[in-house]
Amino acid sequence: MTGEMIFVGLVIVLMLIGLSFEVIRADFLIFLVLVIFLITGVISSEQALSGFSNEGMLTVLLLFIVAGAIQKHGIIELVVYRLLGKAANVKKSMIKVMLPVGLSSGFLNNTPIVVALTPIIRDWAFDNGYSPSKFLIPLSYMTILGGTITMIGTSTTLVVHGLLVGAGLEGFSFFTLAAVGVPITAAGLIYLLTLGYKLLPEHLGAKEQISQETKEFLAEAIIEDKFEHEGETVTKLGRDVLDGIYVIEIIRNNSRVYPVTGETKVLAGDHIIFSGSLNTIGKIQKFKGVTIKTGTELTLDDVVNKDSHLIETVVSHNSSLLNKTLKEANFKTRYDAGVIAIHRNNQRIKSRVGDIVLKTGDTLLLLADNNFINMHKYSGDFYVVNDVAPPENLNQDMRKGWVSLIALVSMILVVTLGWFTMLEAMMILVVLLIGFRFISPNEVKKFVQFDVILLIASAFAVGAAMTESGLAQYIAGGLTALATPFGILGVLFIVYLVTNCFTEVITNSAAAVLMFPIALEVADAMNIEYMGLIITVAIAASASFMTPIGYQTNLIVYGPGGYKFSDYIKVGAPLALITMFIACFIIYFVWY
């Protein structure tokens, strides 16, 4: 083992630790590793930049735009909303929803599908007397499984396709993965309707739990004329009177004060909505001219007025809010929204809201104005999971939505016939969508998840460093020696298992990029067809079921479903094993 191999291995191990513990945003961390490999001469400038011009990565970027155009007009929500209906039979309702969800995720970005459907399915469950936690993990798992049916179903398969093309090898055809994707999707649906349904917990969602606990932490301070600190700023009051509380909102003359900053002055007649412990509330009551309204009389509905409403958001993998408190992130001014409570691992965090350090998957219950959703629904900092009116009542042009969907299907057909590459087809489709004003250039910027693009592009260079240093070949030699007694099938199981472990603790695309050169080297060492091993990597990197942080859709339903971390292990572990056995045996019999 050379010195360069040891250096590359050490940097990658530190990167994996950083990703696991969320030291900094995943995209920045992997980009930092790219820079380290570049300046130390492990990779060349061309190799460092190769990911930014890779066909797979560029196709992912274009698909964000196409999926956004379809999502904008509410087609998926409309179909699911009508399919749900009244729950005469819960299993039939699940089948009616999960089948189209699984199929649609094979052709559309699954993240916006789950964001859009989570509140619809959650509300439907409540209306029919069911716990949302029985339905939201299945929603996430079906989009993950359905995404393995086609080449464009997930960013992972597109990235692997781009790596193949970049290595001068034949890439995936549109339905190359369907031989594996269709059986594991069908098996997953059967599991979720039977054993999986029994294993799913019956929890209240974060919003509902917070609503029940409102009396424990939400209070209202009414400022009277005799208040001796009248006219002072929020910052000064925070030191003298309001120490230990987090100001959510100030209501003045039945209207909200906008914006509430440290320099906002508190006047007589103001109603200050805040969160705090009973101890801090007791301290404030001692000041003259302040009347505190607490207890069962105050509900979440009391803090909503004509200018604001309650919004539920989930902190994303790559959020700039990670490892910061709300004060450090300047949240209230930045988003014009007050945080009522923060929910983590099926519990409301009971410390002072303003001092809580935010983590991936935290659910924030916000009080925000009516423009918040439109302004931030494509934010990279969090996923907005909020109630909306039924799709047929939305101000959307459904005709454009159907035309966009038909155009996508048409482009897929021409790709399947070999007339265009996937990149060419998506470029043509994006130009048509913008040219015919189905989407605007400003919306294009909102639809593209640039943090994901940076992460994927940077991860290519990490894979190149493994190949150039010889580390990939060294690891492949070890895996080959370990698996040789078990034959090709044993190699498939080991490659699948290693990739799947990576994807549960780091991002799916990064796991695929790390394992791609190793899989190629294993195929070369054993003198076997490379495609079977590469498909193994693509499927294993996508099949993240055992942690909420392994895949974006798992994270989106984490808070709204009121799940604990252990719920994903309990429900996801059997599905992970089922998927692994089916995938490895099918790959073995089809390719070997």
Side-chain angles (χ1 to χ4, degrees), residues 206-313 326-327 331-333 335-343 348-356 363-370 372:
K207 184 176 178 182
E208 290 68 37
Q209 289 189 41
I210 291 169
S211 297
Q212 290 189 354
E213 299 173 358
T214 300
K215 62 183 179 181
E216 296 179 18
F217 66 93
L218 195 64
E220 181 178 356
I222 302 170
I223 305 302
E224 300 169 356
D225 292 334
K226 57 184 177 180
F227 181 54
E228 57 185 294
H229 297 278
E230 198 262 349
E232 291 184 3
T233 65
V234 168
T235 298
K236 191 168 190 312
L237 282 175
R239 290 193 300 264
D240 301 336
V241 181
L242 306 179
D243 182 40
I245 74 165
Y246 176 78
V247 176
I248 297 166
E249 191 79 298
I250 296 178
I251 307 298
R252 183 176 296 160
N253 299 324
N254 294 321
S255 297
R256 62 191 294 265
V257 175
Y258 170 79
V260 177
T261 67
E263 299 306 310
T264 302
K265 292 184 177 180
V266 174
L267 306 178
D270 284 353
H271 289 231
I272 302 175
I273 310 297
F274 66 92
S275 66
S277 66
L278 291 176
N279 185 39
T280 56
I281 291 170
K283 289 179 183 177
I284 296 168
Q285 283 181 312
K286 295 177 181 178
F287 288 89
K288 293 182 180 179
V290 180
T291 300
I292 300 292
K293 182 182 177 184
T294 62
T296 54
E297 294 180 9
L298 196 65
T299 68
L300 290 182
D301 292 334
D302 293 329
V303 303
V304 178
N305 58 48
K306 61 183 176 64
D307 297 317
S308 62
H309 58 271
L310 297 171
I311 292 171
E312 199 172 355
T313 66
L326 296 176
K327 283 185 175 180
F331 191 95
K332 194 182 286 116
T333 303
Y335 296 106
D336 184 27
V339 179
I340 292 176
I342 300 175
H343 202 265
R348 178 179 64 83
I349 303 176
K350 296 184 178 179
S351 2
R352 183 185 176 192
V353 170
D355 295 331
I356 296 170
T363 300
L364 312 182
L365 187 62
L366 312 178
L367 185 66
D369 65 21
N370 298 319
F372 181 91

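In what follows, residues are counted from 1 in the order of the sequence shown.
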For the student: nearest non-hydrogen atoms of R252 and K265, plus distance:
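Closest approach of R252 to K265: NH2-O, 2.8 Å.
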
Considering all heavy atoms of both residues, which atom of R348 and which atom of A341 are nearest to each other, and what is their separation?
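What the structure gives for the nearest pair is CD-CB, 3.9 Å.
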
Under 4.5 Å between any side-chain heavy atoms of [X] and [Y], yes or no?
X	Y	result
L267	E230	yes
V290	F227	yes
V257	T264	yes
F372	T313	yes

Once you round to the nearest 0.5 Å, how far does [atom1] of [X] lie from [atom2] of [Y]?
X	Y	atom1	atom2	value
L365	I340	CG	CD1	4.5 Å
H271	I250	NE2	CD1	11.5 Å
E249	D270	CD	CG	11.5 Å
I272	I248	CD1	CD1	11.5 Å
E312	L366	CD	CG	9.5 Å
L364	L326	CG	CG	7.0 Å

